[in-house]
Undergrad: 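I have a structure here, written as structure tokens, and I will follow up with some questions on it.
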Number of protein chains: 2
Amino acid sequence: MLPRFDEVVRVDAPSNNTSKTKEVGAREGTSKPIRIEGVALEAGVSPITVSRALRASTSVSPATRERVLAAVRKTGYVSNPHASALRSGRSTIVAAFLSNLVSQQYNDAATACAEVLEDAGFQLMIGQTAYSYARETAAVQSLRALKPAGIFFSGVVELEANRRAVREFGVPVVESWAFPRDPIDMLVGISNTEAGCMAADHFVGRGRRRLAFVGRSGGRGRLRLNGFRERARELNAEIVLVREVDHVRSISDGRTILRELASYTRDIDAVFIANDLLAIGALLEAPSIGVSVPHDLSILGIGDSEFAARMTPSLSVVAFDASFVGRRAGQLIASRLSGTSKSPSLEHVPLSLVERGSS
Amino acid sequence: MLPRFDEVVRVDAPSNNTSKTKEVGAREGTSKPIRIEGVALEAGVSPITVSRALRASTSVSPATRERVLAAVRKTGYVSNPHASALRSGRSTIVAAFLSNLVSQQYNDAATACAEVLEDAGFQLMIGQTAYSYARETAAVQSLRALKPAGIFFSGVVELEANRRAVREFGVPVVESWAFPRDPIDMLVGISNTEAGCMAADHFVGRGRRRLAFVGRSGGRGRLRLNGFRERARELNAEIVLVREVDHVRSISDGRTILRELASYTRDIDAVFIANDLLAIGALLEAPSIGVSVPHDLSILGIGDSEFAARMTPSLSVVAFDASFVGRRAGQLIASRLSGTSKSPSLEHVPLSLVERGSS
DNA sequence: TTGTAAGCGTTATCAG
DNA sequence: CTGATAACGCTTACAA
């Protein structure tokens, strides 16, 4: 079966011939990139001066810096990050460990973080931790070797040994998505306990009193449950059902969950599904198994997304600005690295309850 | 406003005391990682032998390798990738440039690719190209410095100068998401032209004859339009409307598009929306502006996702296995790097038309 | 199969 | 503010 070829339109670059050091005899892809020494020669200074001129922090006279920058432009010099990392013990790579790449919230955070950091001359390297201690430890191990300039976690590191290890790297670290008392370094956090409280408040405020919770058994799931449970108790509402789900891979897991919940709908009238994919999946499934949302069952999710907003009925959520989390994390790391800020930072990202059709 | 703290549950690592070289005097985060020399000492061989034992390719006697591996385990040695990269001119980082991180298809591809490569000892570094020549060029520039072990593009590189530059890196490169005659190196491709043909076939087969197309004006959008247009002509169907959309950021852009299309529904009876976010957005918007899908307007998207499958009505799509693309790309790069395969590879990923409620 | 010597390109350190 | 020197940790090239 011969496939149909695509007649891809190729575009010629605008003839932007900045450099004449090309097109000499680069037959076999080995036209060696110019080194710092070449720039130094061109600028009439020593290599170390070039190095200094290119790193904002150190002191070089304005005139020299100008000449160096001109030489860099002329030669098209790009620093070798490996050599730099080897000698300085620090790379220009900032590592981001995300719980997953599917949820819009983590995506948004990663995208915003990458944008900020790229503007500051760093690359963001994205990895997944996927909610498992083994993955967490593996991630930390690979960090040790990589010697990243900074680290962003879409969560908090949970194993004590890993916390210690990460702290010892001595680089800026931003944890997020929770609000612990003792972050490793910096924090752009949301309070999961508070989120749970808000969920209970919301349900009871709307006259629901027989509540259910769906979420992970550990980590943020537990925190959300803690808040939910505590506030429910204060309000004299009953938590009839707690369903722990630990390996959510996709929204179709939400379907399974809703099928289960459906058998309880005489006993429960509201469920806080503390996972974005699960909540969306459950809401999608409702019509097909005859559960009327919110009449039979009120559903509240966490973490806003376009899908949540555009579904029918639309999904009510405990929301926060995930892009902001990523952007702020990037800013904190960048400013720490440029020496602008030194103090540890602990920021709180506000939560809001977005009331929509599902609750 | 004092936020509510999360009482995060910390977990102690299982007391897995593999190494006794710790806990000496590492007061200030500077417990230097062990180097290859330490492993060599432990194993009673020279550093270079350790180096060789750890890189599968080179020849070391089985007995020696065993001793080296034991020493590595005992010392907890992790190779410094920067030193390695500096000396060898090749890093263990494989770069992935994705069109975006929001679409499930690219996500799936990236996740699958990362998984394969991590198993083979590489890290996947994810960047975005976001459909712009400027971004494409910037991406290639950063690659030059990074000297990655391999490169995966969720697309084909379009600027000639960039193609040349990438080819000159001399590392395994996988392009994808299109089926050009002359890939830079390897290809795990889908035929966009074919996708357009299939869309036209589908519509005409269902009795639709007044067609519309929505997609990017360049790149894969154009290819899909080419196929769509060509087949429509062959089948005597009319393409009434072509709407080019170049900066799709989110599904809400699909709403705008559907509003526009709605004013044409007397003239068109089917639309091929050659962008996954746009198609989902359009389908979500339909009820609220009184367009009945598929009665008034038949909608076909491209690239399957869970949302496409679970919406009401569900979205018909030209589908292919995005996870497979990423996985295969990872495999090709890994096997090239381990010396297993040498020849260029050109693979075709089959397309299928998933008929659902929207068409 | 294993070892010796040298060097990858940058930056820390110390001197001027 | 600028420069000379050495070193970061590893792997290539060559020798045994």
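Labels below follow one simple rule: chain letters A, B, ... track the order of the sequence lines, proteins then strands, and each chain is numbered from 1.
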Undergrad: Can you tell me if B:Arg65 and B:Ser61 form a side-chain donor-acceptor pair at under 3.5 Å?
TA: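 The answer is no; no qualifying pair exists.
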Undergrad: Does A:Arg327 pair with A:Glu115 as a salt bridge, N-O distance under 4.0 Å?
TA: no
Undergrad: To the nearest 0.5 angstrom, please state how far the OG atom of A:Ser345 sits from the CD1 atom of A:Ile333.
TA: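 Interatomic distance, A:Ser345 OG to A:Ile333 CD1, rounded to 0.5 Å: 11.0 Å.
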Undergrad: List the steps, then state whether side-chain contact (heavy atoms from CB on, under 4.5 Å) holds for A:Val171 with A:Val94.
TA: CA-CA 10 Å; A:Val171 303; A:Val94 173; over 6 Å; no
Undergrad: Can you tell me how far P of C:dT11 sits from CZ of A:Arg90, to the nearest Å?
TA: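 After rounding, the gap between these two atoms is 14 Å.
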Undergrad: Would you mind reading off the distance between A:Arg52 atom CZ and C:dT11 atom C1', rounded to a whole angstrom?
TA: 9 Å
Undergrad: For chain A and DNA chain D, what are the first and last nucleotides along the strand, 5' to 3', with at least one atom under 4.0 angstrom from a heavy atom of the protein chain?
TA: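 Nucleotide range with atoms under 4.0 Å of chain A: D:dC1 to D:dG9.
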Undergrad: Between A:Val78 and B:Val45, which is nearer to the 5' end of DNA chain C once each is assigned its nearest nucleotide?
TA: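 Its nearest nucleotide being more 5', the pick is B:Val45.
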Undergrad: Run the salt-bridge test on B:Glu175 and B:Arg163 with the 4.0 Å N-O cut-off and return the result as yes or no.
TA: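 Salt bridge present between B:Glu175 and B:Arg163.
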Undergrad: How about A:Glu42: does its CD atom have over 12 heavy atoms from other parts shown lying under 6.0 Å from it?
TA: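 More than 12 within 6.0 Å, yes.
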Undergrad: Would A:Trp177 and A:Phe153 count as a close aromatic pair, with their ring centres under 6.0 Å?
TA: no
Undergrad: Quick check: closest heavy atoms across B:Pro172 and B:Ala149, and the distance to 0.1 Å?
TA: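 Scanning both residues, the minimum pair turns out to be CD-O, 3.2 Å.
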Undergrad: What's touching nucleotides 5-9 of chain C from the protein side, N or O pairs under 3.5 Å?
TA:
{"residue": "C:dG7", "atom": "N3", "partner": "B:Arg87", "partner atom": "NH1", "Å": "3.4"}
{"residue": "C:dC8", "atom": "O2", "partner": "B:Arg87", "partner atom": "N", "Å": "3.4"}
{"residue": "C:dG9", "atom": "N2", "partner": "A:Ala83", "partner atom": "O", "Å": "3.4"}

